[in-house]
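One structure is given below, represented as structure tokens, and several questions about it will come after.
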Amino acid sequence: MEQRRSPGHDHWFYESQTRPNSTATAPLVPEAAYIDDRFLLGLQQEATALQPLLSRFQPALLAARDLSQILFPNTLATSLTHTLTLYDRLSTALTVAQVAGVQRLCNHYSARLNPLPGPDSSRESNNRLTQITQYARQLAMQPELITAHSISALDAVGLTEPDIVTLNQLVGYVSYQSRVVAALQAMMGLPVRWIPGVSPPPDASADLFTRNDGWQHALKPVELRYASADQLAAVTFCQGIEGLDDAIWLLVHDAQALYGFATLKQRLSEHFAEDEALAQAVSARVLGCRRQFDRVSDEWRAALEQDVESAGAASPVISLSAQLTRLPDRFSAAHLQPLLNAGWGTERIFTLLQAVAFANWQDRVLMALGETR
């Protein structure tokens, strides 16, 4: 029996078989595709009271905006080694935005995805896009469950090593972006939507942190003798940046993304202190990133390993960091109140929130590409 297909993509990226000569259904917010700032998505213009704060962090915000142009350009040429199309990238971004539940991001990536032609209707193309979507959803929702089999499944549908590295960077970037947007919306006092019956996945098992397997490449890293000029420049730039030593020669499969990631990390780190280190440890504990969790101080390690909620009762930093990591769509001004009551200023709070957001990117990439089993 012939399958019935509705016109257009209807915003579902895994639906690639569309009726020829039909008009695609318009996105709910079509103007969201044409916004100038593709990182904050118009929040900088709306947050008039926060302009001094945003100016203070302008170098980091500009680095994040540049990354959006690198990862999601207006046009993109594919090659034999870089096969991810712009449709693949934007559909992945929409998947992650939907997992995060931040409507502003969903509107933007849906509007950008809508006019693009999807892949052909072959079984191979459908399998490939389905596998990409499933992987992106899993990494965005519960990275602890990403295994070596998950990476092999991407290879089986034709993704190259550079493609897989780029895919992980895409998921990480939108995970970061969604939490920065959610944080700013909370600081502006904007209301959040509440979907009954939706609960976050459980935190990573405490047993995960008793293992000491070290960090191993899930893919074949770039060899020095085959590295291009862009790759060598990115590796040179990353030398000495904390936390990237083991991962550089793997992440440099996508040299532009690595350079942008390292630039952002460097600019954010200028603002970080002890509280930010604790916040990033909370993200690692919730998501299951052993590499980053090992950096937590002995003062908090045992408490976080045992129960994040109990540790959060003793520290508003832990409580806030866990909330933003688990449920960015429900993050509101109420979650900031304990820190405000403790005398924190807006700059200190925003620094902490950015640390959590960036940790959500870094943890996912490091877990997927170096802690898979």
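Side chains are part of it too, since the values below use all heavy atoms of this structure and drop only hydrogens, waters and symmetry mates.
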For residues 42-72, the ring-ring contact (aromatic ring centres under 6.0 Å, His included) pairs (sequence neighbours left out) are Phe57-His271, Phe57-Phe350, Phe72-Tyr109
Review point. So do Leu327 and Phe331 actually touch side chain to side chain, heavy atoms under 4.5 Å?
Key: no
Output a table of donor-acceptor pairs, distance under 3.5 Å, between side-chain atoms of residues 253-263 and any protein atom two or more places apart or on a different chain; print 'none' if there are none.
from, atom 1, to, atom 2, distance (Å)
His253, NE2, Lys220, O, 2.8
Asp254, OD1, Ala257, N, 3.2
Asp254, OD2, Thr166, OG1, 2.7
Thr263, OG1, Tyr259, O, 2.8

Legend entry - Close side-chain approach of Glu144 to Ser205, heavy-atom, < 4.5 Å: yes
Query raised in the report: Do Met367 and Leu287 have side chains that get closer than 4.5 Å, going by heavy atoms?
Result: yes
For residues 287-324, the ring-ring contact (aromatic ring centres under 6.0 Å, His included) pairs (sequence neighbours left out) are Phe209-Phe293
By side chain to side chain donor-acceptor pair (under 3.5 Å), Thr160 pairs with (sequence neighbours left out) Asp163
Margin query: Are Arg137 and Gln134 packed together at the side-chain level, in the sense that at least one heavy-atom pair is separated by less than 4.5 angstrom?
Written below: no
Between Pro73 and Leu86 the two heavy atoms that sit nearest each other are O-CD1, 3.3 Å
Quiz prompt | Single-linkage hydrophobic cluster, 4.5 Å side-chain cutoff, Val365 and Met141 together | solution = no
Rounded to the nearest 0.5 angstrom, the CE-CD distance for Met188 and Glu46 is 5.0 Å
Query raised in the report: Do Leu224 and Ile248 belong to the same hydrophobic cluster, where Ile, Leu, Val, Met, Phe, Trp and Tyr are linked whenever their side-chain heavy atoms lie under 4.5 Å apart, directly or via other members?
Result: yes
To the nearest 0.5 Å, atom CG of Leu244 lies from atom CD1 of Ile241 at 6.0 Å
* Asked: salt bridge (charged side-chain N to carboxylate O under 4.0 Å, His left out) between Arg128 and Glu124: does it pass, once the steps are laid out?
  -> CA-CA 6 Å; Arg128 178 180 180 277; Glu124 290 77 11; over 6 Å; no
Note: Thr92 and Ile132 closest approach over all heavy atoms is OG1-CG2, 3.5 Å
| Taking everything shown except Glu223 itself, do over 12 heavy atoms lie less than 6.0 Å from its CD? | yes
Checklist entry - Is any side-chain heavy atom of Leu251 less than 4.5 Å from a side-chain heavy atom of Gln169? => result yes
Q: Show your reasoning for whether side-chain contact (heavy atoms from CB on, under 4.5 Å) applies to Leu352 and Trp344.
A: CA-CA 11 Å; Leu352 182 72; Trp344 284 49; 3.9 Å; yes
Can a side-chain donor-acceptor contact be found between Ser178 and Arg104 if the only test is distance below 3.5 angstrom? no
Contacts of Arg89 meeting salt bridge (Lys or Arg N to Asp or Glu O under 4.0 Å) (sequence neighbours excluded), chain-then-number -> none
- Message: Any non-hydrogen side-chain atom of Leu61 less than 4.5 Å from a side-chain atom of Leu54?
- Response: yes
Hits for salt bridge (Lys or Arg N to Asp or Glu O under 4.0 Å) against Asp307, two or more places apart or cross-chain, chain-then-number order -> none
Closest heavy-atom pair, Ala111 versus Pro115, reported as atoms and distance to 0.1 Å, is O-CD, 3.3 Å
Between Leu113 and Leu90, the two heavy atoms sitting closest are CD1-CB, 4.0 Å
To the nearest 0.5 Å, atom CZ of Arg364 lies from atom SG of Cys289 at 10.5 Å
Across all chains, not counting sequence neighbours, the side chain to side chain donor-acceptor pair (under 3.5 Å) partners of Thr85 are Asp88
task: Please tell me if the side chains of Glu161 and Val165 come closer than 4.5 Å, counting only heavy atoms from C-beta onward.
output: no
Could you go step by step and tell me if Leu167 and Leu159 meet the side-chain contact (heavy atoms from CB on, under 4.5 Å) rule? CA-CA 10 Å; Leu167 178 61; Leu159 267 66; 4.1 Å; yes
From CA spacing to verdict: salt bridge (charged side-chain N to carboxylate O under 4.0 Å, His left out), Arg285, Asp203: CA-CA 8 Å; Arg285 171 63 185 89; Asp203 293 350; 5.4 Å; no
Do other residues, nucleotides or ligands put more than 12 heavy atoms under 6.0 Å from Gln306 CD? no
Checking Ser228 against Asp230 for the side-chain hydrogen bond (donor to acceptor under 3.5 Å, both in side chains) test, could you report, in this order, the C-alpha distance in whole Å, the side-chain angles of both residues, the deciding distance, and whether it holds? CA-CA 5 Å; Ser228 67; Asp230 287 344; 5.3 Å; no
- [ ] State plainly whether one hydrophobic cluster holds both Val192 and Leu339, where clusters connect Ile, Leu, Val, Met, Phe, Trp and Tyr through side-chain heavy atoms under 4.5 angstrom apart.
- [x] no
query = Strictly by modelled atom types, are Asn107 and Gln103 linked by a side-chain donor-acceptor pair under 3.5 Å?
reply = yes
Quick note, ring-ring contact (aromatic ring centres under 6.0 Å, His included) partners involving residues 118-140, not counting sequence neighbours, are none
To the nearest 0.5 Å, atom CD of Gln44 lies from atom CG of Asp36 at 11.5 Å
All heavy atoms of Asn168 vs all of Ile164, minimum pair found to be ND2-O, 2.7 Å
Sorted by chain and residue number, the side chain to side chain contact (heavy atoms under 4.5 Å, CB included) partners of Asn341 (sequence neighbours excluded) come out as Gln337
Report task. Would you please say whether a donor-acceptor pair under 3.5 Å links the side chains of Asn360 and Ser175? Result -> no
Closest non-hydrogen atoms of Val286 and Arg326, given as atom of the first, atom of the second and distance, are CG1-CG, 3.9 Å
Here the gap from Cys238 atom SG to Asp245 atom CG, rounded to the nearest 0.5 Å, amounts to 10.0 Å
Practice problem: Dump the intermediate steps for side-chain hydrogen bond (donor to acceptor under 3.5 Å, both in side chains) on Ser125 and Ser122, then the final yes or no. | Solution: CA-CA 5 Å; Ser125 293; Ser122 67; 3.1 Å; yes
Apart from Leu145 itself, members of its ILVMFWY cluster (side-chain separation under 4.5 Å) are none
Decide yes or no for Val222 and Leu250: does some side-chain heavy atom of the first lie under 4.5 Å from some side-chain heavy atom of the second? no
Q) Do you reckon Leu129 sits in the same ILVMFWY cluster as Val99, going by side-chain contacts under 4.5 Å, direct or chained? A) no
With sequence neighbours left out, the residues meeting side chain to side chain donor-acceptor pair (under 3.5 Å) with Gln69 are none
dist Gln280:CD -> Gln354:CD (nearest 0.5 Å) comes out at 11.0 Å
Side chain to side chain donor-acceptor pair (under 3.5 Å) filter on Asp155, not counting sequence neighbours, yields none
So Tyr173 and Phe39, would you call those rings parallel, tilted or perpendicular, with 30° and 60° as cut-offs? tilted
Given the rule in the salt bridge (charged side-chain N to carboxylate O under 4.0 Å, His left out) test, do Arg291 and Asp363 qualify, once you have shown the distances and angles that lead to the verdict? CA-CA 8 Å; Arg291 176 190 175 102; Asp363 291 347; over 6 Å; no
